[in-house]
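Worksheet for the structure shown next.
What you see is a predicted model, and the numbers here were worked out from it, not measured in a lab. Lettering follows sequence order; numbering is per chain, from 1.
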There are 2 protein chains.
Amino acid sequence: MPVSERLGSHLKRAAQALSAAKQATLKQAGLTVPQYAALLYLSDNPGMSAAALARACAVTPPTMNTVLKNLQEQGLIERTPHEWHRNILETRLTEKGERVLADADPRAVRVERGLAAEFSQEERETLVALLGRCIGFLESARQAEH
Amino acid sequence: MPVSERLGSHLKRAAQALSAAKQATLKQAGLTVPQYAALLYLSDNPGMSAAALARACAVTPPTMNTVLKNLQEQGLIERTPHEWHRNILETRLTEKGERVLADADPRAVRVERGLAAEFSQEERETLVALLGRCIGFLESARQAEH
DNA sequence: ACACCATAGTTAGAGCTCTAATGATCGTCA
DNA sequence: TGACGATCATTAGAGCTCTAACTATGGTGT
């Protein structure tokens, strides 16, 4: 099966180009792409658990653990034990985290807006729908595998 | 800007679901996704340089170096100096590499065929075209950044 | 009450990925 | 001949990512 016929290779290249573009612009704010994603969700949901954050960002808990560790070392987040549910750690942005996110977000949004502007409203909806079907199939295939 | 409106998040999730599905099936053949990609290109172009392979797989040379190192340790490829162009290393599959690829390829193709079967011919072409425009914009944006 | 299960968090280990910097070789051009 | 630039290869270092295995807590079932 020729590579050019494989939807996967187009998908992968597009995702990689996106990641590279975001990485280039976020670097100026001192963040990586996963760090930015985590801060963005935390900003909307202060105090959410690392596990919930991992689900939101579509990564595994150990991966999120790594990202949070780096964010914590930079003083951008703080993690405090939950009042009574002692098994969960509440994660929140620090003031510095808010400032860094406020610097990074416009940069990331600029990339997204630029990308969106390449398409008409109808094309965007088509693309999102097609990608959604890819995700649906691939995730069910993954489950069926085992 | 809401996350659900960002094309990037859909793109990223789709690519990740694809990678996860391939990873699950390729694991049974003892390969990672990048290792499989490298073997696949090498199979079609015996003797190609690591730099050319990196371009084909859309990764940087140091990344390909890491992948090739692991493949070499498993005895799946061999790298020999070019006859007169002494700066380049010709990379080739070993017999074992051929066998492993012959085992892995049908598994990967099964995922690709399953994914392709989710769409009509026209939908596939639409998806590839839209992704191509994403790639085009993002790569030019990346250049303009610097 | 006790076993069970789901969830949260973590650690260990392997592998991929990038940027940045370095060194080696070849071809070209003054 | 000698300098320059292009290409190839590699190393160092930081960070992301996964699977696998483990611990701990809280709720649910009999």
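Here the rule is side chain to side chain contact (heavy atoms under 4.5 Å, CB included) with B/Leu31, and of B/Thr25, B/Asn70, B/Val100 only B/Val100 fits it.
For the pair B/Gln23 and D/dT17, the criterion of a side-chain N or O lying under 4.0 Å from OP1 or OP2 is not met. Contact check, A/Thr32 against D/dC16: a side-chain N or O comes under 4.0 Å of OP1 or OP2. At the phosphate of D/dA14, neither OP1 nor OP2 sits under 4.0 Å from any side-chain N or O atom of A/Lys69. Note on B/Gln35: a side-chain N or O is less than 4.0 Å away from OP1 or OP2 of C/dC16. Between A/Arg79 and C/dA8 there is no side-chain polar atom (N or O) within less than 4.0 angstrom of OP1 or OP2. Side-chain nitrogen and oxygen atoms of B/Asn65 include at least one within less than 4.0 Å of the OP1 or OP2 phosphate oxygen of D/dT10. Listed pair B/Lys12 / D/dC16 fails the phosphate criterion, with no side-chain N or O lying under 4.0 Å from OP1 or OP2. Not one side-chain nitrogen or oxygen of A/Thr60 sits closer than 4.0 Å to the OP1 or OP2 atom of D/dT19.
A donor-acceptor contact closer than 3.5 angstrom links the side chains of B/Gln121 and B/Arg124. Between the side chains of B/Arg79 and B/Gln72, no donor N or O sits under 3.5 Å from an acceptor N or O.
When heavy atoms are screened at a 4.0 angstrom cut-off, B/Glu90 is found touching no nucleic acid atom at all.
With B/Ser43 contributing its side chain and B/Leu39 its backbone, the two residues share no donor-acceptor pair below 3.5 Å.
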